[in-house]
Each structure stands twice: as C-alpha cells, then as structure tokens.
Amino acid sequence: MESGRLFKGAFPIIEKALDLRSMKHHLIVSNIANKDTPNYKAFDLMVEEEMAKSTDTGEAPPLKRTDDAHLSKNRSSEMSGKIGRATEAAFSLRGDGNSVDIDREMANLSENNLLYDALTQIISRKFRGLEEVIKGGT
C-alpha cells in the first residue's frame, strides 16, 4: 500500500481546517488588540466558505448521517424564516469609527477555540487508530 493513499481522505481536510482555524484565531486576536484604535475595522475569516473552496466540487465536505436522530444536512428545511446578513454598521455603537465589538470577538474566539480543539481530537484519534494498526491491535 502506498503511504500517499493512506493519508488521503480526512487528513488533508483536517489539516486545511486546522490552518484556517489558526488564521482565524490570529485575526480575532488582532481585532481584540485593536479594540481602542480609531477607525479600525474588524476582520473575519469565513472558515466554512474557505473549506468549501478547497473541495473539488466547491461544496462543503460531505457529511455522513449514521443515525436518524442526527441532524440532517439540509437544516434549512427544518427551520422557518429567512436569515439575512447584518451590516457592520448595525453592530458599530462607537463614534470613533472602530467596528470591534469585544463581546462578539470573545464569543468568536471561544467558538473558534472549541472547533480547533475538536479538530485536534479528531486527528489525534486517527493517528491512534493508525498506531493500533501498526502494532497489530494489541
């Protein structure tokens, strides 16, 4: 078996997702550091959109639903109402032109950290599985 085939599939996707989560972390920290800088505009990285660009089809990586109790892929059919995108001006309550909302940035930081930790656990389990295979399942 070629070692290249062994690391196809989930590993490159997880690697890309970890890189994007790391980049998002740096952007959020930069936003927090500039919370008092006049006219500073907050930045954000849409990790899910970037992940969709990295696939061949341009869509998010496929999810496998293994139980009827799991949420379906098409959650929009389960929800009613239309969700719109808010403008930055809607969140800016400051008169100095700075668009950093520290509460939103801290929430984004916590969410990003949780997702990064989940990805590291997933890749760690994959490596443990490989270790078990190499050791012969002992």
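The chain is numbered in sequence order, starting from 1.
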Inter-residue atom distance Arg21.CZ - Leu45.CG, 0.5 Å rounding | 8.5 Å
Are Leu18 and Leu114 joined in one hydrophobic group, where the rule is that I, L, V, M, F, W and Y side chains link up if heavy atoms are under 4.5 Å apart?
-> no
Please tabulate, for side-chain N and O atoms in residues 32-43, each donor-acceptor pair with protein atoms closer than 3.5 Å (sequence neighbours left out).
unit_1, atom_1, unit_2, atom_2, d
Asn34, OD1, Thr37, OG1, 3.2
Asn34, ND2, Ser30, O, 2.9
Tyr40, OH, Ser30, OG, 3.4
Tyr40, OH, Asn31, OD1, 2.9
Lys41, NZ, Gly97, O, 2.5

Which atom of Asp96 lies closest to which atom of Asn98, heavy atoms considered = OD1-N, 3.1 Å
Hey, is Glu132 close enough to Arg128 for a salt bridge, meaning N to O under 4.0 Å?
-> no
Decide whether Ile122 and Tyr116 are clustered together by the hydrophobic rule: side chain heavy atoms of Ile, Leu, Val, Met, Phe, Trp, Tyr closer than 4.5 Å, transitively.
-> yes
Can you tell if the side chain of Lys16 reaches within under 4.5 Å of the side chain of Pro12, non-hydrogen atoms only?
-> no
Roughly how far apart are Asp117 CG and Ser124 OG, rounded to 0.5 Å?
-> 11.5 Å
In one Ile/Leu/Val/Met/Phe/Trp/Tyr side-chain cluster, 4.5 Å: Val100, Val29 = no
Could you grab the distance from atom CD1 of Ile14 to atom CG of Leu119, nearest 0.5 Å is fine?
-> 7.0 Å
Between Ala10 and Lys126 the two heavy atoms that sit nearest each other are CB-CE, 3.5 Å
Identify which one of Asn112, Leu109, Leu115 satisfies the side chain to side chain contact (heavy atoms under 4.5 Å, CB included) criterion when paired with Lys24.
-> Asn112
CG-CE distance between Asp101 and Met106, expressed to the nearest 0.5 angstrom | 11.5 Å
Measure the CG-OG distance between Asp44 and Ser99 for me, rounded to the nearest 0.5 Å.
-> 10.5 Å
